[in-house]
Amino acid sequence: MNHTLTSLPVRLRRNRKTKSIRRLLQETTLSPADLIAPFFLIEGSNKKIPIDRMPGIERISLDVLLKEASWLHERGVQSICLFPVINPSLKTNEAEEAWNANGLLACAIKTLKRELPDLCIMADVALDPFTLHGHDGLVNENGEILNDETVDCLVRMSLMQANAGVDFVAPSDMMDGRVAAIRRALDQQGYEHTGILAYSAKYASALYAPFREALNVQLQFGDKKTYQMDPANVREALLEAELDEQEGADILMVKPATLYLDVIAKLRQQTKKTIAAYHVSGEYAMVMAAHELGYLHAPSVFYETLLSIKRAGADLIFTYAIKQALTEIER
Ligand code: PBG
C-alpha cells in the first residue's frame, strides 16, 4: 500500500510506544511522599464510625489511627494531618476546647510523636470543630466573625499543638494576620522549629459539605464568605499567598484543588515556597459516588486527578484517596 505519509520526521507516537518509554519520558510523577493523609479522630479505643458521604473513610480512635498511620508510613507516606471530632458537650461559643492541653488533639499528637517519631504530624488550626455555631472564628452579637479576637484563639491553639509536638500547624481559618501572629508567638515561646502550613487561598467552596458531616459541624447561621475567598478571584489568591509568605508561612496551600488548578499554576509562577493543595472531601465524594454507580473507576480517576494537581504546580497534596493512589502508584 502506498501511503501519503512516506516520510514524516516528527512522530510523537514514538515516545509513547512502550510502557518503559512512557515511564522514561514522564514529565510529572506522583510518589507516596507527595501525599498527606487527613484523619478524623474520635475519642475511645477500637472505634471506627463510617461517614455516609465519604465512602471508605471513617472517623477513628487513636489506636486505629496509629495502625493506619504506621501502615501508610511503611509505604512511603511522610505526613498526616489531624482533625478532631469534638463531642458536642465540649463545644462553646468561645471554643475553649481548641487549646485544651489535655484534650483529644493534644493527647493524639503526643502519642503519635512517641510511637511514630519519624512521621511528620500536622494539625488543623481553626475554631469550627469547637464552636457551637460552626464558624471558624468568634462571633459577635450581630453575627459578625471577629478577626483579631479569633487570631488570639488561633495563637493559643497553635501553642498548645506546638507544645504537644506537632511539626506543622495548619491554620485553615482565613483570618487576616494570623500567620504573623502565630509565627511571633511560636518564636517567643521557643517553638522556632514548629512550621506553619498556611491555607493561603482557601475558597468558600460547596465542596466541603462531606467534611462538615465527618466533623459533625453544622453552620448555625450565615456562610463563610466574609473570610473564605470568592471562587471568582485569582489575583486575590496570589495576594493572600504573598502576605502569608511575608508573614512567615513555610508552606502555602490552595484549596480546593481540581477546580482551582489555574490558581495553583499561577502561584507556582509567583513563589519559590512549597505549594500544597487540598483535594477536599467533595472532590473525593463525587468520584466515589460515580464509582459506586459503576460510572467510572475511582482509583484511576484519583490517580489522574492527583497527577494533574502536581502537574499544575503543587508539591504536596492532602487527599482522602491516599490508599487508592498508593495502589495505582505501585502498579
Ligand atoms: C476547617 C476546615 C474545613 C476543611 C478543612 N479545614 C472546612 C471548612 O472550612 O468549612 C475542609 C476540608 C475538606 O472538605 O476536605 N476550617
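Order of listing sets the numbers, starting from 1, for every ligand and every atom in it.
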S.K.: Are V280 and Y208 packed together at the side-chain level, in the sense that at least one heavy-atom pair is separated by less than 4.5 angstrom?
M.R.: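 Sidechains of Y208 and V280: in contact.
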
S.K.: Hey, which atoms in ligand 1 end up nearer than 4.0 Å to a heavy atom of K224?
M.R.: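 This gives 8 (C), 9 (O), 10 (O) as the contact atoms.
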
S.K.: Counting non-hydrogen protein atoms only, what is the nearest one to atom 11 (C) of ligand 1? Give residue, atom name and distance.
M.R.: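 Among all protein heavy atoms, the one nearest atom 11 (C) of ligand 1 is K255 NZ, 2.9 Å.
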
S.K.: Specify the protein heavy atom at minimum distance from atom 15 (O) of ligand 1: its residue, its atom name, and the distance to 0.1 Å.
M.R.: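 Of every protein heavy atom, Y320 OH, 2.6 Å lies nearest to atom 15 (O) of ligand 1.
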
S.K.: Just checking, is any N or O donor in the side chain of Y203 or N233 under 3.5 Å from an acceptor N or O on the other one?
M.R.: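 The criterion, which ignores hydrogens and geometry beyond distance, is not satisfied for N233 and Y203.
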
S.K.: Mind checking whether Y284 has a heavy atom under 4.0 Å from ligand 1?
M.R.: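 Y284: no contact with ligand 1 (<4.0 Å).
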
S.K.: Please determine whether residues I49 and L62 belong to a single hydrophobic cluster, defined as Ile, Leu, Val, Met, Phe, Trp and Tyr linked transitively by side-chain heavy-atom distances below 4.5 Å.
M.R.: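 Same cluster: I49 reaches L62 through Ile, Leu, Val, Met, Phe, Trp or Tyr contacts under 4.5 Å.
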
S.K.: Give the residue, atom name and distance (to 0.1 Å) of the protein heavy atom nearest atom 2 (C) of ligand 1.
M.R.: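 Here the closest protein heavy atom is K202 NZ, 3.3 Å.
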
S.K.: Can you classify the ring geometry of F40 versus Y320 as parallel (below 30°), tilted (30 to 60°) or perpendicular (above 60°)?
M.R.: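 Rings of F40 and Y320: parallel, under 30°.
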
S.K.: Check each atom of ligand 1 against the heavy atoms of S172 and keep those under 4.0 Å away; list them by number with element.
M.R.: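 Numbered from 1, ligand 1 contributes 1 (C), 2 (C), 6 (N), 16 (N).
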
S.K.: Heavy atom under 4.0 Å from ligand 1: found in V217's side chain, backbone, both, or neither?
M.R.: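 The answer is neither; V217 stays 4.0 Å or more away.
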
S.K.: For ligand 1, note which part of D136 has a heavy atom under 4.0 Å away: side chain, backbone, both or neither.
M.R.: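 The part of D136 near ligand 1 is the side chain, not the backbone.
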
S.K.: I'd like to check which ligand 1 atoms, numbered from 1 as shown, lie under 4.0 Å from a non-hydrogen atom of D124.
M.R.: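 Under 4.0 Å from D124, ligand 1 has these atoms: 1 (C), 6 (N).
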
S.K.: Between F211, F318, Y199, flag the one that comes closest to atom 7 (C) of ligand 1 by a heavy atom.
M.R.: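 When every heavy atom of F211, F318, Y199 is considered, F211 comes closest to atom 7 (C) of ligand 1.
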
S.K.: Which protein heavy atom lies closest to atom 14 (O) of ligand 1, and at what distance to 0.1 Å?
M.R.: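 Protein heavy atom at minimum distance: S281 OG, 2.7 Å.
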
S.K.: Checking side-chain contact (heavy atoms from CB on, under 4.5 Å) between I182 and each of D187, V169, L159, which is the one that passes?
M.R.: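 Of all the options given, the one that passes is V169.
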
S.K.: Between D34 and I317, is any pair of side-chain heavy atoms under 4.5 Å apart?
M.R.: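 No; the side chains remain at least 4.5 Å from each other.
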
S.K.: Note the single closest protein heavy atom to atom 1 (C) of ligand 1, along with its residue, its atom name and the distance in Å.
M.R.: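 I find the closest protein heavy atom is D128 OD2, 3.0 Å.
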
S.K.: Is any side-chain heavy atom of D128 closer than 4.5 Å to one of K224?
M.R.: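 Counting from C-beta outward, K224 and D128 do come under 4.5 Å.
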
S.K.: Can you sort out which atoms of ligand 1 are near A126, meaning under 4.0 Å from one of its heavy atoms?
M.R.: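 The atoms of ligand 1 under 4.0 Å from a heavy atom of A126 are 16 (N).
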
S.K.: When C153 is tested against each of L138, T131, D173 for side-chain contact (heavy atoms from CB on, under 4.5 Å), which residue passes?
M.R.: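 Of L138, T131, D173, side-chain contact (heavy atoms from CB on, under 4.5 Å) with C153 is met by L138 alone.
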
S.K.: In terms of relative ring orientation, are Y278 and Y199 parallel, tilted or perpendicular, with 30° and 60° separating the classes?
M.R.: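 The rings of Y278 and Y199 sit tilted, inter-plane angle from 30° to 60°.
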
S.K.: Please list, in number order, the atoms of ligand 1 under 4.0 Å from a heavy atom of V280.
M.R.: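 Those qualifying, in numeric order: 13 (C), 14 (O), 15 (O).
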
